[in-house]
Amino acid sequence: STQSTWGGLDFMKIFPVVQWLVKKVYEVREETSELIRLFTESQFAKKFSHPEDITFREKLPQAKEYYGNVNDHYKPRRRFKRSANENNTDESSLVTNTLLEYGHHTKKKKKKKKKLG
């Protein structure tokens with residue numbers, strides 16, 4: 001049949017191969033597009049700066065200083081010191097005492113009394 005030939009070859013027999021090849025081309029493009037985008041962005045960043053980046057770099061030292069001040073102000077500080085002769089080996093007691101040392105108050109669970117009768 002002369003209608004289904006393509007350059008002397010049978011088009012219907014090579015059509016699945018052409019489909020597979022086109023699919024592979026799209027897959028490779030998709031895989032490499034992200035790498036190419038990242039590379040172009042890095043090349044751009046070597047020579048140029050966005051206005052937002054310039055503003056960020058100008059404000060960064062002040063922000064670091066502020067962060068350090070806030071971090072120092074709110075860091076945990078001991079309010080009580082545990083006595084050396086304390087022999088609480090119960091894990092719950094140790095946790096409660098450690099929290100109390102740093103000013104955290106815990107609520108103790110009340111034991112329910114069993115009703116007799």
Side-chain angles (χ1 to χ4, degrees):
S1 65
T2 58
Q3 292 179 345
S4 65
T5 59
W6 183 39
L9 300 172
D10 193 6
F11 180 72
M12 295 306 289
K13 290 182 180 176
I14 65 167
F15 182 69
V17 175
V18 172
Q19 276 186 321
W20 175 83
L21 188 58
V22 170
K23 183 180 173 185
K24 281 295 182 187
V25 167
Y26 279 110
E27 287 176 5
V28 169
R29 268 192 190 173
E30 192 174 308
E31 290 172 1
T32 59
S33 66
E34 181 69 15
L35 292 173
I36 291 171
R37 186 185 63 78
L38 292 172
F39 176 74
T40 55
E41 285 180 2
S42 71
Q43 293 300 311
F44 178 84
K46 287 180 181 178
K47 294 186 179 183
F48 304 101
S49 294
H50 290 285
E52 295 88 8
D53 294 337
I54 295 169
T55 307
F56 176 79
R57 274 182 283 190
E58 290 172 353
K59 292 182 178 181
L60 187 61
Q62 183 182 2
K64 283 183 177 180
E65 181 183 346
Y66 177 74
Y67 174 77
N69 291 341
V70 169
N71 202 21
D72 287 343
H73 187 286
Y74 289 104
K75 71 180 177 184
R77 290 188 174 85
R78 266 193 170 162
R79 295 187 182 175
F80 304 103
K81 184 88 172 165
R82 190 180 299 174
S83 64
N85 60 1
E86 196 174 312
N87 291 329
N88 287 338
T89 56
D90 180 25
E91 186 176 359
S92 176
S93 298
L94 290 172
V95 169
T96 303
N97 290 342
T98 302
L99 289 172
L100 285 172
E101 283 182 52
Y102 289 94
H104 296 278
H105 299 286
T106 59
K107 294 181 181 179
K108 291 187 177 182
K109 294 181 181 178
K110 293 181 181 179
K111 294 182 180 178
K112 293 182 180 179
K113 294 182 181 178
K114 292 184 179 179
K115 293 183 181 179
L116 298 174

Subject >> Separation of R29 CZ from Y26 OH (nearest 0.5 Å) >> reply: 6.0 Å
Original post:
Does H50 reach the side chain of I54, with side-chain heavy atoms less than 4.5 Å apart?
Top reply: no
Original post:
Applying the 4.5 Å side-chain criterion to the ILVMFWY set and letting contacts propagate, would V17 and V25 be lumped into a single cluster?
Top reply: no
Subject >> Within 6.0 angstrom of F44 CZ, more than 12 heavy atoms from elsewhere >> reply: yes
Original post:
Quick one: CG on L21 to CD1 on I14, what's the gap to the nearest 0.5 Å?
Top reply: 10.5 Å
Original post:
Roughly how far, to the nearest 0.5 Å, is the OH atom of Y66 from the CD atom of Q62?
Top reply: 10.5 Å
Subject >> Straight-line distance of T98 OG1 to L94 CG, nearest 0.5 Å >> reply: 6.0 Å
Subject >> Nearest-0.5 Å distance, NZ of residue K64 to CG of residue N69 >> reply: 14.0 Å
Subject >> Non-neighbouring partners of K46 that pass salt bridge (Lys or Arg N to Asp or Glu O under 4.0 Å), sequence neighbours left out >> reply: none
**OP:** Give the intermediate values and the outcome of side-chain contact (heavy atoms from CB on, under 4.5 Å) for residues Q19 and F15.
**Re:** CA-CA 6 Å; Q19 276 186 321; F15 182 69; 3.4 Å; yes
**OP:** Any chance you could measure Y67, atom OH, to D72, atom CG, to the nearest 0.5 Å?
**Re:** 10.0 Å
Original post:
Does CD in E30 sit with more than 12 non-hydrogen atoms of other residues, nucleotides or ligands closer than 6.0 Å?
Top reply: no
Original post:
Considering residues at least two apart in sequence or located in another chain, which fulfil the side-chain hydrogen bond (donor to acceptor under 3.5 Å, both in side chains) criterion with E34?
Top reply: R37
